[in-house]
Amino acid sequence: MNIRQIFYSIVRKWWLIVLLMAAGGGMGFLNSYFTKPLYHSDTKLYIINHVTGGQLFHSSDIDLSQQLVRQYSDIIFSRKVIAVVASDLNHYHLTTDKILSMIKININKDSNILTISAISTDPEVAAAVANATGREFINQIRELTNTDNVGILDYALVPNYSDSKNKVEKVLIGLLLALIVAFSIIYFIEYFDTTVHSVEDIEKGLKLRVIGIIPEHDISY
Amino acid sequence: MQPKKFNLYNNENQVVQDAYDILTANIHISNEQNRVKTLALTSCNPAEGKTSLAISLSITMANSGWKVLFVDSDMRKPPAAKRLNYGSIFGFSDYLTGDVELDDALSESNIKNLTYFSCGNSHPNPIGLLCSLRFEELKNEVQDKYDFVLFDTPALTSVIDGALIASKVDATILVVKMGLTTLDTLSRVKEQLENVNATILGVVLNKLKKRDYKLYLKSYNYFFNSERFLKIKMPKYQQMLKHHYLVKSV
């Protein structure tokens, strides 16, 4: 199969490309039209293993802090924390499952910073959930360990911009995917099509002479 | 002889007619010293356009001045399904069984130089008929009377009739439909024909779409518009005069 043949079959199947591109672009547009934009808000927490008596930090202290980050992070997802968050934010009518699906934690490797992200279609809710979760997490840690190891570094702010992709981008992605799908469909059709397509097929492949070429009987001038 | 009228297949399309002319010329060119008298038309798959091609080709050949006999040797299809058979009582199978003599089995057609041999009444054993001595007799008898004898045969991938006829005639033409016949089938059919010692005169590509046809005959419509040639030579006032004259004469 040579490039010329593929090119001709692409030209021949132009309707398939147009059809699929219309479908892909349309789906991209509908997707961006009907999905609500998502907002995403972060609270940053620090965890430090407090050193007593004004001694200098040791690298072992920092190691310990990093371990604490990993250990504590699961506490955020405990029902105890989430239930309090839900009752704190009862004016938003959020269930605990909903809150669990909204929040994500991000541990920066080799540092003792913990980021709690909340994602919501409402920017205010995202910020409120992130802040409430962070606050409640600190309360919980204090209650459990009787230490002051955890504190809030940055409060979550109400985001101004959604982080979902914009319409043009989605439509373009739809078009691009459709184009790829169309080209691969055409390629596969060509690949599995072993029918005679030209005089050269017969003369080269079978060493037979072509003595006549008859067009369709309703050929136009 | 029985009378026979062709209402169909007479191409009015100039492009198609030209294509058949080219095919006829090619057959004539490749036929050195008129050694090829009997031709079998066959194809790999059914419905690739054998019969219409065979009839159009025989009409074109007849119009070129050769005496042509068209033999419908497809005895598999029920006779009622054949539009062309309408009106003829006896045919190929009746001749081969020995029921009638050749002159009674042939049909005279409304096209000059073209004689039609219908497939005849259905017979349970077409292979037996094709293997009989009577077929050889027919070949010898028509070879002197006609310039070309065209056998229209059933498809090779369905029954053996085509290969049988191909092995007995001088040359075979394979009809290939663009975009339907696969190269695999074609090479198998070629092998089959070579095994029975058939001579393949060549392949005819059938039913090309316009855009494919243009790849091979780019200026097929160059001569259709005769104005093209007149306009170049004729000055404008002469054209006007000519137009005026034409209008007047009409």
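Proteins come first, then strands; the chains are lettered A, B, ... in the order of their sequence lines, and each starts at number 1.
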Point to revise | Close side-chain approach of B/Val71 and B/Leu69, heavy atoms under 4.5 Å | key: yes
Review point. Is the closest side-chain heavy-atom distance between B/Phe92 and B/Asp72 below 4.5 Å?
Key: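 They are not in side-chain contact.
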Check your understanding: Does a side chain donor of either B/Glu48 or B/Asn45 reach within less than 3.5 Å of an acceptor in the other side chain?
Key -> yes
Point to revise | Donor-acceptor side-chain pairing of B/Thr42 and B/Thr153 below 3.5 angstrom | key: yes
Review point. Going through the distances and angles, do B/Leu186 and A/Leu206 end up as a side-chain contact (heavy atoms from CB on, under 4.5 Å)?
Key: CA-CA 8 Å; B/Leu186 202 56; A/Leu206 291 159; 3.1 Å; yes
Review point. Out of B/Thr182, B/Thr185, B/Asn26, B/Val175, which one racks up the most heavy-atom pairs below 4.5 Å with chain A?
Key: B/Thr182
Point to revise | Residue among B/Val176, B/Leu180, B/Ile22 with most heavy-atom pairs under 4.5 Å to chain A | key: B/Leu180
Practice item. Could you list which of residues 158-173 of chain B have a heavy atom closer than 4.5 Å to any heavy atom of chain A, in residue-number order? Key: B/Ile173
Check your understanding: When you look at B/Asp212 and A/Glu216, which way does the side-chain contact (heavy atoms from CB on, under 4.5 Å) test go after all the steps?
Key -> CA-CA 10 Å; B/Asp212 294 320; A/Glu216 285 183 319; over 6 Å; no
Point to revise | Partner residues of A/Trp14 under the ring-ring contact (aromatic ring centres under 6.0 Å, His included) criterion, sequence neighbours left out | key: none
Which atoms of [X] are under 4.5 Å from chain A, going by heavy atoms: the side chain, the backbone, both sets, or neither?
X        : result
B/Lys190 : side chain
B/Leu201 : both
B/Asn206 : both

Check your understanding: Among A/Asp193, A/Val199, A/Thr195, which residue forms the greatest number of heavy-atom pairs with chain B at distances under 4.5 Å?
Key ->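 Looking at each option in turn, the highest pair count goes to A/Thr195.
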Exercise for review: Return the orientation label for the B/Phe70 and B/Tyr116 ring planes: parallel under 30°, perpendicular over 60°, tilted otherwise.
Suggested key: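 B/Phe70 vs B/Tyr116 ring planes: parallel.
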Check your understanding: Are there more than 12 heavy atoms of other residues, nucleotides or ligands under 6.0 Å from atom CZ of A/Phe77?
Key -> yes
